[in-house]
Amino acid sequence: PTEAGAGLPIEEEAIARSELKGLRGEVLDGFRGGALCLADRISQQLTRPSAGVSAALMGLELKRVVAKRADGCFEAH
């Protein structure tokens, strides 16, 4: 079975999420059930540099865990 929009089978997605460590894991923890977040807001909440948060978000996009919307917000799958 595949979760809608994720592109990964549910089992693989669970593994991918559990393997996230460091800043990527912290960034992902900021999302709750499809929440929308701006990179700057995440940076402020985590008190981390925005460059690091942006890089973490890009990595999460590549893993298809989050998606960047046209309005600039990031959305968790």
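Numbers for residues simply follow the sequence, beginning at 1.
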Considering all heavy atoms, the nearest V66-L57 contact
CG2-O, 3.9 Å
Quick one: closest heavy-atom pair of A39 and V53, and the distance?
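Heavy atoms of A39 and V53 come nearest at O-CG1, 3.8 Å.
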Just by distance, do the side chain of S54 and the backbone of S50 share a donor-acceptor pair under 3.5 Å?
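Here the side-chain-to-backbone pair exists.
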Within residues 44-61 or reaching into it, pairs that qualify as salt bridge (charged side-chain N to carboxylate O under 4.0 Å, His left out) - sequence neighbours excluded:
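Qualifying pairs, neighbours excluded: E26-R48.
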Nearest 0.5 Å, please: how far is NZ in K63 from CE in M58?
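Output value for this atom pair is 14.5 Å.
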Distance from D29 atom CG to I42 atom CD1, nearest 0.5 Å?
11.0 Å
Are any non-hydrogen side-chain atoms of K68 and E75 less than 4.5 angstrom apart?
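K68 vs E75: side chains apart.
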Under the side-chain contact (heavy atoms from CB on, under 4.5 Å) test, residues paired with R41 that sit two or more places apart
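Partners of R41 by the side-chain contact (heavy atoms from CB on, under 4.5 Å) criterion, ordered by chain and then number, come out as L38, Q45.
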